[in-house]
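First up is the structure itself, then whatever we jot down about it.
In what follows, chains carry the letters A, B, and so on, assigned in the order in which the sequence lines appear, proteins first and then strands, with residues in each chain numbered from 1. None of these values were measured; they are calculated from a predicted model.
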Amino acid sequence: MLDIKLIRNDPEAVKAALARRGEPTSSIDEVLELDTRMRAISTERDDIRAEVKQISEQVGALHKDGKADDAAALQTTSRELGDKEKALTEEANELQAAIRSLLLNVSNMPAPEAPDGLTEDDNVELRVEDFDLASYAEHQRVPHWGIGEDLGILDVDRAVRMSGSMFAMYRGAGARLLRALINYGLDRNRDAFEEVRPPTMVKTDTMVGTGHLPKFADDAYHLERDDLWAIPTAEVPLTSMVAGEILDEGDLPLRLMAHTSCYRREAGSAGKDTRGLLRVHEFDKVELYAFCTPDQAQAMHMEILERAENAIRDLGLAHRVLDLACGDISGAGARTYDIEVFAPGVDRWLEVSSVSWCTDFQARRANVRYRPSEGKGTEFVHSLNGSGLAVPRVWAAIVETYRRPDGSICMPEALHPYLGGMTEIPAV
RNA sequence: GGAGACGUGGCCGAGCCAGGUUGAAGGCGCUUCCCUGCUAAGGAAGUAACGUCGUAAGGCGUUCGUGGGUUCAAAUCCCACCGUCUCCGCCA
């Protein structure tokens, strides 16, 4: 959520920033107008409340002195004021609710340094590593779903039978590889990040905190009867971990990581990327997360990016890093770096990590503040998140990249400690 | 799911039954100062967040789980919801 004070003080700057995303700015004007009215009404209401409070004190005193008649007169006045106060309160509440619901649908302002542009074509490629299209041999140019089926490590057909399209099932060595990737993703960040295993079903408020609701309700699974949402990413419960709390500056940065399943309805992408693991409704991911002060944010953004990229690099996968254009940054982010791996079998770059700096946008929604050690009062924290390792697409890239001419797959060395002696998935 | 108890400031904990200078006693913690050679002990003062008005000092308002209601006036009375604990049931 954007700072209402900023909108008041410099609406043009806010609108200019939102325009860089290609987002309509009419709601900012609407917010301004409602806010002006809301404040006028609140002030009036507060004055009446103060008056009622004073009268009530007098009434109490008069009753004590036995002057019931004088008290009765004041009570009548106060009753009238009370009615007025009630009406004003109702109006103020309505305005406040209207402002909030408008603001909840406004995206974060992109950072000034974020590249211009509205689509993914405008993303800036920062670097490409280990990529040479000509270096891939014929045996590597086979899609992972074919390989998976041949080797009995991926069973999409049966997953679809039990859950519908865009679900997958890993089997045998394939399931083991998945488990290795998760442990690999967690262990390499154990030096600085606290491992958390949060709930994967959360309340509506928790989803609002990250910005996934109300705007993106269609993308999330919702359990009607219990009014719970299946998380689309561990970012959701991690953001809520300290919701409503005031942290000490000394505790920042607060680094957290979590492995969870992630659930996405992928509404609007029906028929797109439906094969194999390119896009699935349920997948495993190791998420890296941090709360920090505004001053620490820049360095933390780089740290998470570096950790995510190192995890990919150490697996020996061709990859590139993109600096997302304003229009391609997700709602809560101010600046986002994507990491994509190249999967030779499907001949595509696959997004495997999105490292976002959300400034105080999520902190405002989830009400996470910190107490600066110098000075008084409280400030909103900054929040950052990035996939430490998104399993299915990395799994796919490994299976395709490491396929040998005989159809077997050798395992990246970095995973050997997690595979209990398994160094390859043999051909059948 | 059933029965009972309970939700007060950074923490502990009074106040609620008999509604009225209670933003809330007392304690712990924390900050500053005083005293003592250092420490310990002791003394004094301070110690919430948010909104709004104001250049500021400060004023006003809101917040005792949440939301309603009763009343001139609610931490205190009533209702609903959420949560915690204990017992029972069920269960990996």
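Among the protein residues, A/Ser78 comes within range of the sugar-phosphate backbone only, with heavy atoms under 4.0 Å from sugar or phosphate atoms but none that close to a base. At the heavy-atom level, A/Arg369 lies under 4.0 Å from the strands shown only through sugar-phosphate atoms. No engagement by A/Ser42 is indicated, since no non-hydrogen atom pair under 4.0 Å with the nucleic acid exists. Residue A/Lys64 is classed as having no contact, given no heavy-atom separation below 4.0 Å to the nucleic acid.
The partner of B/G58 is B/C53, by the rule that a Watson-Crick or G-U pair needs both atom distances under 3.5 Å.
Taking atom C1' in both B/G83 and B/G29, the straight-line distance is 27 Å, to the nearest Å. Taking atom C1' in both B/C12 and B/C64, the straight-line distance is 15 Å, to the nearest Å. Comparing the C1' positions of B/G9 and B/G26 gives an interatomic distance of 14 Å, to the nearest angstrom. Nucleotides B/G58 and B/G67 have their P atoms positioned 30 Å apart, rounded to a whole Å. The P atoms of B/C50 and B/G43 are separated by 33 Å, rounded to the nearest whole Å.
The environment of CZ in A/Arg100 is sparse: at most 12 heavy-atom neighbours from other residues, nucleotides or ligands sit within 6.0 Å.
A distance of 6.0 Å or more separates the ring centres of A/Trp229 and A/Tyr263. Ring centroids of A/Tyr337 and A/His301 are separated by less than 6.0 Å, placing the two rings close together.
Ion pairing between A/Arg8 and A/Asp35 holds under the 4.0 Å rule for side-chain N and carboxylate O.
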